[in-house]
Protein chains: 2
Amino acid sequence: MKWKELEEEPCSMARTIAVIGDRWTLLILRECFLRKRRFEAFQSSLGITRHLLAERLKKLVRQGILRRVPYQESPKRHEYILTQKGLDLYPIMMAIVHWGDTHMVDERGRPVLHEHKKCGKLFEPVMICSECGEPLLAKEVHTHPGPGGWAASVPPPADLPSEPSTGGPKAARSKTVQPKAKSRTRAA
Amino acid sequence: MKWKELEEEPCSMARTIAVIGDRWTLLILRECFLRKRRFEAFQSSLGITRHLLAERLKKLVRQGILRRVPYQESPKRHEYILTQKGLDLYPIMMAIVHWGDTHMVDERGRPVLHEHKKCGKLFEPVMICSECGEPLLAKEVHTHPGPGGWAASVPPPADLPSEPSTGGPKAARSKTVQPKAKSRTRAA
DNA sequence: TTCTTATGGTTCTAAAATAGAACTGTCAAA
DNA sequence: TTTGACAGTTCTATTTTAGAACCATAAGAA
């Protein structure tokens, strides 16, 4: 399987991975969400080679995730700004950060805390069902083939591994905050 | 920056990317959530080379994302099963699928639909604030340095690009379903 | 017994991607 | 006239990946 084929697979996950599924691209996007916009800024904060950076930026622009906007004329200079399509990657970024916060922190705790301006509190992102508002669990999701074909996307591990305490990290787990939204039916 | 350094950066995103941030790993995980568990199953459905597959599986086991469990003795055979740490990747997977569903589908529509067993409806995943239950928008999130150090994680693009209709795809956007949970304070 | 198949790898070589460093080009300011 | 900032491009060396063949164990068939 080549990367071009990946983009054409009838699977939303494969297609997304074909676009943002490599380390540098993800890190560049992190910088974008950190409001970095310029070539030099990306290069110096990531330590990516200029060659690769140029290539990745081109790809992100081609894909409509970044826009290349002139910010000065004399020597033509551009900056790279997230489009709406790019901003829509935010849940992916937050999900990645949250997993890292849960499973990859050292004793010192998480590197960054997030505050929700709207409610003023430190929070964790929680993924819920758009229809009933309950938190999504893998085992409670069922997949159906959609109009776009072939069925490979993320479905539920129906017979979920029961995790018989096979010596994984024990401290890391279950720090996840339960959502306490105003008044959704209580999560089980 | 080398990949080993990446794992040590005080950034939950970098650390997560160091573990799952490459194309094959993400695709292998997709298969895991599709309940594939065996070497041959991964290999034949992904078309990954056996060499790389073996390496990636080892890494995922080392990281505690998969467990290698014997399922027969005579010729010793094992299967790879998601641990809780692995199952916790579900929101990342769903976020990736959802972005693909929104931005990477062709005319035929999405390849797979998701049904929430609990409420019986086809849904979309929505990411909300654990504290107030409102959907999370990048611009409404503020970051603070946490105890774990240095501040590089996903914060808000404070001065969000206003997306002045610079010829991106127009059909693709805004298919996102608004959450309609029982009775949270209405999203703006 | 010998052959074939199933499974889960390992070992090669060639091709592709990445790292690292140097170089180009434009303009402004010193 | 030189230096510096910025945004790249070009080059070679190293590392990863692709692709195919090979190895090992055991069951079952001929």
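Keep in mind that the numbers below use all heavy atoms, side chains included, and drop hydrogens, waters and symmetry copies. We name chains A, B, ... by the order of the sequence lines, and we start the count at 1 in each one.
Direction of the helix axis in the helix from C/dT1-D/dA30 to C/dA30-D/dT1 shifts by 20° between the two five-pair termini, rounded to 10°.
Rounded to whole angstrom, the span from the CZ atom of A/R38 across to the P atom of D/dC6 amounts to 8 Å. Taking atom CD1 of B/I48 as the reference point, atom P of C/dG8 lies 15 Å away to the nearest angstrom. A straight line from CD of A/E55 to P of C/dA19 spans 11 Å, rounded to a whole angstrom. A straight line from CZ of B/R68 to P of C/dT7 spans 16 Å, rounded to a whole angstrom. Rounding to whole angstrom units, CG of residue A/L52 and C1' of D/dT9 are separated by 13 Å. Atom CG in B/L53 sits roughly 10 Å away from atom P in C/dT10 (whole-Å rounding). Rounded to whole Å, atom P of C/dG9 lies 12 Å from atom CD of B/E79. Residue A/R37 contributes atom CZ, which lies 16 Å from atom P of D/dC6 at whole-angstrom precision.
Proximity of a side-chain donor or acceptor of A/T16 to a complementary backbone N or O of B/G100 within less than 3.5 Å is detected. Between the side chain of B/R15 and the backbone N or O of B/E9, at least one donor-acceptor pair lies under 3.5 Å.
Place B/E73 and A/K76 on DNA chain D by their nearest nucleotides, and A/K76 ends up nearer the 5' end. With DNA chain D read from its 5' end, the first of the two nearest nucleotides for A/H51 and A/A41 is the one closest to A/A41.
Separating the CG atom in B/L87 from the CG atom in B/L82 is a distance of 5.0 Å, to the nearest 0.5 Å. The SG atom of B/C11 sits 7.0 Å away from the CD1 atom of B/I17 when rounded to the nearest 0.5 Å.
Using a 4.0 Å heavy-atom distance criterion, B/H78 is classed as a sugar-phosphate-only contact. Residue A/S74 is in sugar-phosphate contact alone, with no base atom involved, counting any heavy-atom pair closer than 4.0 Å across all strands shown. Contacts of A/Y71 with the nucleic acid, taken as non-hydrogen atoms under 4.0 Å apart, involve only primed sugar atoms and P, OP1 or OP2.
Tested against B/H98 for a side-chain hydrogen bond (donor to acceptor under 3.5 Å, both in side chains), the candidates B/R110, B/E124, B/H114 yield a single pass: B/E124.
Listed pair B/Y80 / C/dG9 meets the phosphate criterion, a side-chain N or O lying under 4.0 Å from OP1 or OP2. A close approach under 4.0 Å does not occur between any side-chain nitrogen or oxygen of A/K59 and OP1 or OP2 of C/dA17. Listed pair A/W24 / C/dA17 fails the phosphate criterion, with no side-chain N or O lying under 4.0 Å from OP1 or OP2. Note on A/K58: every side-chain N or O is 4.0 Å or more away from OP1 and OP2 of D/dA7.
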side-chain contact (heavy atoms from CB on, under 4.5 Å) assessment of B/L113 paired with A/T143: CA-CA 6 Å; B/L113 303 174; A/T143 51; over 6 Å; no
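Between A/L26 and A/M93 there is a side-chain heavy-atom pair separated by less than 4.5 Å.
Every residue meeting the side chain to side chain contact (heavy atoms under 4.5 Å, CB included) condition with A/Q72, not counting sequence neighbours, appears here in chain and number order: A/S74, A/P75, A/R77. In this structure B/H78 satisfies the ring-ring contact (aromatic ring centres under 6.0 Å, His included) test with no other residue, sequence neighbours excluded. Take B/Y80 and apply the ring-ring contact (aromatic ring centres under 6.0 Å, His included) test, not counting sequence neighbours, and it matches no residue.
A donor and an acceptor atom, one from each side chain of B/E7 and B/Q63, are located under 3.5 Å apart. Between the side chains of A/H144 and B/E115, a donor-acceptor pair is found at a separation under 3.5 Å.
Using bins of under 30°, 30° to 60° and over 60° for the plane-to-plane angle, the ring pair A/W99/A/H103 lands in the tilted bin.
Among the nucleotides C/dA19, C/dG9, D/dG8, the one closest to any side-chain atom of A/A54 is D/dG8.
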Contact list (N/O, under 3.5 angstrom) for nucleotides 22-25 of chain C vs protein:
from   : atom 1 : to    : atom 2 : distance (Å)
C/dG25 : N2     : A/R77 : NH2    : 3.4

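Taking every heavy atom of residues 15-23 of chain A and every atom of DNA chain C, no pair lies under 4.0 Å.
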